[in-house]
Chemist: 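Below are the C-alpha cells for one structure; questions will follow.
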Amino acid sequence: FKHLFLFLQLTNILTMRKISLIILIAVSALTACKKDDTTSAKQTKGVINGKTTKTDGSAISDAKIRIYGATLGTGSNVDFDAVSNASGVYSVTVPDGVYGIDARTTFNYNNALYDLALDPNDGRKGKIHESKDGLVKDFTLKLSGKTPNYDLMGADNWKFSYYGGPFEVRNEKDYYFNKSEPYQNASTLPVGSTVRLTFTPDGPLMDGSQGSVVVRDVKINVENDVNSEFLNGDVPLGKYNVSAELIDATGKSAPALVSVSYEWNNAVGQVGRDAVLAPFAASAPLTFYMSKSTNSPHDSHLTNTVIFVKP
C-alpha cells in the first residue's frame with residue numbers, strides 16, 4: 001500500500017505539471033493573437049499598407065489614403081486610392097515606384113463637417129517612398145502639434161505648419177471697422193501689454209478625448225488704430241469658451257471682454273468675415289472650423305478664428 005500511495009502521488013504531480021504547461025501554452029498563444037490583431041499589416045513586397053488610428057490607439061475606419069507618384073522604368077505617373085477598414089487597416093498593391101502617401105479622415109463635429117489630414121507616424125512626407133520591397137505607412141489623427149511641413153514652411157504658416165486651431169487677436173476698432181461713429185470712440189489695445197486668453201473646453205474634443213484648459217499669451221507690439229496680432233495658437237481642435245484678461249507693462253492684470261468671429265473663403269477665394277458680430281461679453285463660444293479650398297480637395301485647412309478684445 002505504501003508503494004501504491006507513492007505511485008499515486010507521483011502520478012498526480014505529473015498530471016498537474018502537464019495541466020500547467022497546457023495552460024501556459026494556451027495563454028501565450030492568446031497573447032500572441034492579441035498582439036497580431038492590434039498591429040498594422042507587415043511589410044510585403046509590392047504592397048503599401050498601414051493603419052490609421054487616434055492618439056489613444058483606437059482605429060479610424062473609412063480614412064481616405066492617397067498614393068501618388070511615378071513607376072520605375074517607364075516613369076508613368078500613377079495615382080491610387082484606398083480606404084481603411086473597420087480595424088483601421090488599408091492595403092494597396094502597387095507597381096515598383098516612388099510615391100507620396102497622404103491620409104485624411106472625414107467626420108461631423110458640432111454640426112459641422114471636417115476633413116482633416118492625418119499625421120504620418122514616421123514624419124516623412126512627399127514623393128520619397130520606394131515601394132519595391134513593400135512599405136508600411138501608419139497615420140495618426142492629431143489635434144495639435146507641428147505637421148511635417150513645419151521645417152519647410154515655418155511657424156508663421158498656420159494653414160500647413162500646425163494641426164491645432166489658429167486664432168488672431170484684434171481690438172475694438174477693428175470690430176467696428178466701416179462703422180464710422182462707433183469706430184471713432186472705440187478702444188485700442190495698449191502697445192506693450194499682453195492679452196492672456198483662456199480656452200475652456202465645452203465637451204469632448206474632436207477625437208472624443210477630454211480636453212484641458214489652454215492658456216495663450218499674445219504680446220501687443222503694433223502701434224496703429226487696428227492692433228492686429230496674428231498668433232498660431234495651435235489650440236487642440238474642439239469646442240471652447242474663451243475669456244481674456246489684459247496685462248499691462250507693469251504686470252497688472254484686468255479682465256477684458258471678447259467677441260469671436262471667423263474669416264471664410266468665398267467661391268472665388270476672397271476672404272470675408274461674419275456679417276453680424278456677436279456683442280462683447282466676459283466669455284464667448286468658439287469652435288475651430290474648416291475652410292474648404294475650391295482648388296483641390298487636398299488643400300482643405302482650418303479657417304482663421306478672430307478674437308476681438310476690449311479692455
Side-chain angles (χ1 to χ4, degrees), residues 25-26 28-107 113-143 145-153 159-163 206-208 290 292-293 295-301:
I25 293 172
S28 299
L30 288 172
T31 303
C33 290
K34 186 175 181 182
K35 287 181 179 178
D36 288 341
D37 287 342
T38 58
T39 57
S40 299
K42 295 181 179 179
Q43 184 172 338
T44 305
K45 185 177 177 62
V47 175
I48 295 176
N49 54 33
K51 191 170 185 179
T52 55
T53 62
K54 298 179 182 179
T55 53
D56 63 2
S58 60
I60 297 177
S61 61
D62 298 320
K64 297 176 179 61
I65 293 84
R66 178 180 174 233
I67 301 170
Y68 56 96
T71 61
L72 296 178
T74 62
S76 302
N77 290 324
V78 290
D79 207 317
F80 302 92
D81 292 309
V83 177
S84 61
N85 63 20
S87 299
V89 175
Y90 72 93
S91 180
V92 182
T93 300
V94 298
D96 293 348
V98 179
Y99 297 99
I101 310 168
D102 298 329
R104 307 188 72 88
T105 181
T106 303
F107 57 91
L113 182 65
Y114 289 82
D115 177 26
L116 298 180
L118 300 181
D119 184 64
N121 289 8
D122 59 7
R124 301 172 72 228
K125 183 178 175 65
K127 289 189 276 189
I128 57 175
H129 304 84
E130 295 186 10
S131 66
K132 183 178 179 181
D133 297 324
L135 181 70
V136 175
K137 184 81 170 180
D138 296 331
F139 294 88
T140 303
L141 173 62
K142 288 188 175 181
L143 302 185
K146 296 176 182 178
T147 73
N149 294 318
Y150 180 87
D151 291 335
L152 177 65
M153 298 186 174
K159 291 182 181 179
F160 302 105
S161 292
Y162 293 91
Y163 290 115
M206 287 189 190
D207 62 357
M290 294 295 299
K292 190 71 174 179
S293 169
N295 298 322
S296 167
H298 305 290
D299 289 338
S300 301
H301 56 77

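Reckoned from all heavy atoms, side chains included, excluding hydrogens, waters and symmetry mates. Predicted model only: the values in this text are computed from it and were never measured.
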Chemist: Could you list all the salt bridge (charged side-chain N to carboxylate O under 4.0 Å, His left out) pairs where at least one residue sits in residues 123-135, not counting sequence neighbours?
Modeler: Asp102-Lys125
Chemist: Between Asp138 (side chain only) and Lys51 (backbone N and O only), is there a donor and an acceptor less than 3.5 Å apart?
Modeler: yes
Chemist: If you take all heavy atoms of Ala86 and Ala59, which pair is closest and at what distance?
Modeler: O-CB, 3.8 Å
Chemist: Go through the steps for Met290 and Leu113 under the test side chain to side chain contact (heavy atoms under 4.5 Å, CB included), then give the verdict.
Modeler: CA-CA 8 Å; Met290 294 295 299; Leu113 182 65; over 6 Å; no
Chemist: Taking the side chain as C-beta and beyond, is there a heavy-atom pair between Leu135 and Ile101 under 4.5 Å?
Modeler: yes
Chemist: Show your reasoning for whether salt bridge (Lys or Arg N to Asp or Glu O under 4.0 Å) applies to Asp119 and Lys142.
Modeler: CA-CA 7 Å; Asp119 184 64; Lys142 288 188 175 181; 3.2 Å; yes
Chemist: Is there a side-chain contact between Tyr99 and Val78 (heavy atoms, below 4.5 Å)?
Modeler: yes
Chemist: Charged N to carboxylate O under 4.0 angstrom, Asp122 versus Lys137?
Modeler: yes
Chemist: With a 3.5 Å distance limit and no angle check, can you tell me whether Ser91 reaches the backbone of Asn49 through a side-chain donor-acceptor pair?
Modeler: no
Chemist: Within the side chain of Thr52, is there an N or O that forms a donor-acceptor pair under 3.5 Å with the backbone of Gly88?
Modeler: yes
Chemist: Atom OG1 of Thr106 and atom CG of Asp115: how far apart are they, to the nearest 0.5 Å?
Modeler: 4.0 Å
Chemist: Just to verify, which of Ile67, Thr93, Val136 counts as forming a side-chain contact (heavy atoms from CB on, under 4.5 Å) with Ile48?
Modeler: Ile67
Chemist: Donor-acceptor pair, distance only, cut-off 3.5 Å: does the side chain of Thr140 make one with the backbone of Lys54?
Modeler: no
Chemist: Taking all heavy atoms of Val83 and all of Tyr90, pick out the closest pair and write down the distance.
Modeler: O-CB, 4.2 Å
Chemist: So which pairs with a foot in residues 113-136 pass ring pair (Phe, Tyr, Trp, His ring centres under 6.0 Å), sequence neighbours left out?
Modeler: Phe107-Tyr114
Chemist: If you define the side chain from C-beta out and look only at heavy atoms, does anything of Ile60 sit under 4.5 Å from Leu118?
Modeler: yes
Chemist: Could you report the tightest heavy-atom contact between Ser131 and Pro95, atom names first, then the distance?
Modeler: OG-O, 3.2 Å
Chemist: Going through the distances and angles, do Asp81 and Lys64 end up as a salt bridge (Lys or Arg N to Asp or Glu O under 4.0 Å)?
Modeler: CA-CA 7 Å; Asp81 292 309; Lys64 297 176 179 61; over 6 Å; no
Chemist: Considering all heavy atoms of both residues, which atom of Ser84 and which atom of Ala63 are nearest to each other, and what is their separation?
Modeler: OG-N, 2.9 Å
Chemist: Quickly, which of Asp207, Thr55, Thr53 forms a side-chain contact (heavy atoms from CB on, under 4.5 Å) with Leu141? Name it, please.
Modeler: Asp207
Chemist: Between Tyr163 and Pro120, what is the shortest heavy-atom contact and its length?
Modeler: OH-CD, 4.1 Å
